[in-house]
Amino acid sequence: MEISSYRDLKVWQEAMSIAERAYRLTARLPKEEVYGMTSQIRRAATSVAANIAEGHGRESGGSFIQFLRMAQGSLKELETHLLLALRVDLVASDEAKPVLAQCDELGRMLRSLIRSIQRRQDHD
């Protein structure tokens, strides 16, 4: 399949799915967390997909890799916020664990895409 848009990228689609789940999960957090954990989780989740899209839009392999690495960082930030929310009983384990598993999978996908782009650059 030809990639004509960032929307065609599996990593972007997965990141959007995670962001959607993060929004739904945080909608159930206490109202006093709206400027705390809710905001942090949503910002980090949104940042993953946004960095993938922005990097793809740069149309340079090196820039794309840089933005994919930023997406990885945002993903780790999201995981950390979710783990803390679990620890302080803001979210239930059965709500957070599927999202964390999805984060693990996206992390693997991002690493694989970065390696693929690097190999392609090495052969050019």
Side-chain angles (χ1 to χ4, degrees):
M1 181 177 114
E2 185 176 326
I3 304 295
S4 60
S5 166
Y6 63 88
R7 293 183 302 268
D8 296 330
L9 296 169
K10 295 278 189 226
V11 290
W12 181 83
Q13 294 167 6
E14 189 72 8
M16 288 294 286
S17 173
I18 290 170
E20 181 181 344
R21 290 179 85 170
Y23 265 75
R24 294 186 195 289
L25 186 143
T26 56
R28 296 188 291 278
L29 291 182
K31 293 299 174 211
E32 62 266 15
E33 285 297 329
V34 73
Y35 298 110
M37 194 62 75
T38 298
S39 174
Q40 291 293 324
I41 289 172
R42 288 179 175 188
R43 188 195 51 73
T46 302
S47 182
V48 178
N51 276 304
I52 293 166
E54 186 172 353
H56 186 267
R58 297 291 175 117
E59 297 181 358
S60 153
S63 289
F64 193 18
I65 288 171
Q66 180 181 358
F67 278 90
L68 291 172
R69 287 184 175 140
M70 286 190 277
Q72 285 178 312
S74 294
L75 186 63
K76 296 305 177 193
E77 183 181 352
L78 171 60
E79 290 173 359
T80 299
H81 293 313
L82 289 171
L83 289 166
L84 179 58
L86 260 172
R87 284 182 176 206
V88 298
D89 297 321
L90 287 173
V91 297
S93 179
D94 65 330
E95 292 177 310
K97 290 207 178 196
V99 182
L100 288 165
Q102 198 173 5
C103 287
D104 285 342
E105 177 59 25
L106 179 56
R108 283 189 289 278
M109 292 168 69
L110 285 166
R111 285 188 299 278
S112 177
L113 180 56
I114 289 168
R115 282 193 302 271
S116 174
I117 295 168
Q118 287 172 329
R119 279 193 300 273
R120 198 171 12 194
Q121 285 182 324
D122 290 345
H123 291 104
D124 287 344

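- Gln66 pairs by the side chain to side chain donor-acceptor pair (under 3.5 Å) definition with nothing, not counting sequence neighbours.
- Within the 3.5 Å criterion, the main-chain N or O of Tyr23 finds a donor-acceptor partner in the side chain of Thr26.
- Evaluation of the side chain to side chain contact (heavy atoms under 4.5 Å, CB included) rule for Ser63 yields Arg58, Ser60 as partners, not counting sequence neighbours.
- Distance check: Leu29 CG to Thr38 OG1 gives 4.0 Å after rounding to the nearest 0.5 Å.
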**Report entry** side-chain contact (heavy atoms from CB on, under 4.5 Å) between Val99 and Val91, intermediate numbers included
**Finding:** CA-CA 11 Å; Val99 182; Val91 297; over 6 Å; no
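- Between Ala45 and Ala22, the shortest heavy-atom contact is CB-CB, 3.7 Å.
- Linking Ile, Leu, Val, Met, Phe, Trp and Tyr whenever their side-chain heavy atoms come within less than 4.5 Å leaves Tyr35 and Leu90 in two separate clusters.
- When all heavy atoms of Leu106 and Val11 are compared, the closest pair comes out as CD1-O, 3.5 Å.
- Under the salt bridge (Lys or Arg N to Asp or Glu O under 4.0 Å) criterion, Arg69 pairs with no residue at all, not counting sequence neighbours.
- Within 6.0 Å of the CE atom in Met109, the count of heavy atoms belonging to other residues, nucleotides or ligands exceeds 12.
- Side-chain atoms of Arg87 do not come within 3.5 Å of backbone N or O of Leu83 as any donor-acceptor pair.
- Applying the ring-ring contact (aromatic ring centres under 6.0 Å, His included) rule to Phe64 yields the partners His56; only residues at least two apart in sequence or on another chain are considered.
- To the nearest 0.5 Å, the span separating CD on Glu79 from OG on Ser74 amounts to 11.0 Å.
- A distance of 12.5 Å separates CG in Leu9 from CD in Glu14, rounded to the nearest 0.5 Å.
- Separation of atoms CD1 (Ile114) and CG (Leu110) is listed at 6.0 Å; rounding is to 0.5 Å.
- Closest heavy-atom contact between Val48 and Leu75: CG2-N, 3.5 Å.
- For the atom pair CG of Leu100 and CZ of Arg21, the computed distance is 10.0 Å after rounding to the nearest 0.5 Å.
- Screening residues 33-53 for salt bridge (Lys or Arg N to Asp or Glu O under 4.0 Å) gives Arg43-Glu77 as the qualifying pairs, with residues at least two apart or on separate chains.
- If you chain together hydrophobic residues whose side chains sit under 4.5 Å apart, Met70 and Ile41 never meet in one group.
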Requested in this report: In sequence, state the C-alpha distance, the side-chain angles, and the governing distance for Ser17 and Glu20, and then conclude on side-chain contact (heavy atoms from CB on, under 4.5 Å).
Outcome: CA-CA 5 Å; Ser17 173; Glu20 181 181 344; 5.6 Å; no
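- Across all non-hydrogen atoms, the minimal contact from Ala71 to Ile52 is CB-CG1, 3.9 Å.
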Query raised in the report: How far apart are the C-alpha atoms of Gln72 and Lys76, what are their side-chain angles, what is the distance that settles it, and do they pass the side-chain contact (heavy atoms from CB on, under 4.5 Å) test?
Result: CA-CA 6 Å; Gln72 285 178 312; Lys76 296 305 177 193; 5.6 Å; no
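- Distance check, rounded to the nearest 0.5 Å: SG of Cys103 to CG of Leu78 gives 4.5 Å.
- Tracing side-chain contacts under 4.5 Å through hydrophobic residues (I, L, V, M, F, W, Y), one never reaches Met37 starting from Val34; they form parts of separate clusters.
- Here the closest heavy-atom approach between residue Trp12 and residue Tyr6 is recorded as CB-O, 3.4 Å.
- Here ring-ring contact (aromatic ring centres under 6.0 Å, His included) pairs that include residues 66-99, with residues two or more places apart or in two chains, number zero.
- Thr80 has its side chain out of reach of Leu84: every pair of non-hydrogen atoms, C-beta onward, lies at least 4.5 Å apart.
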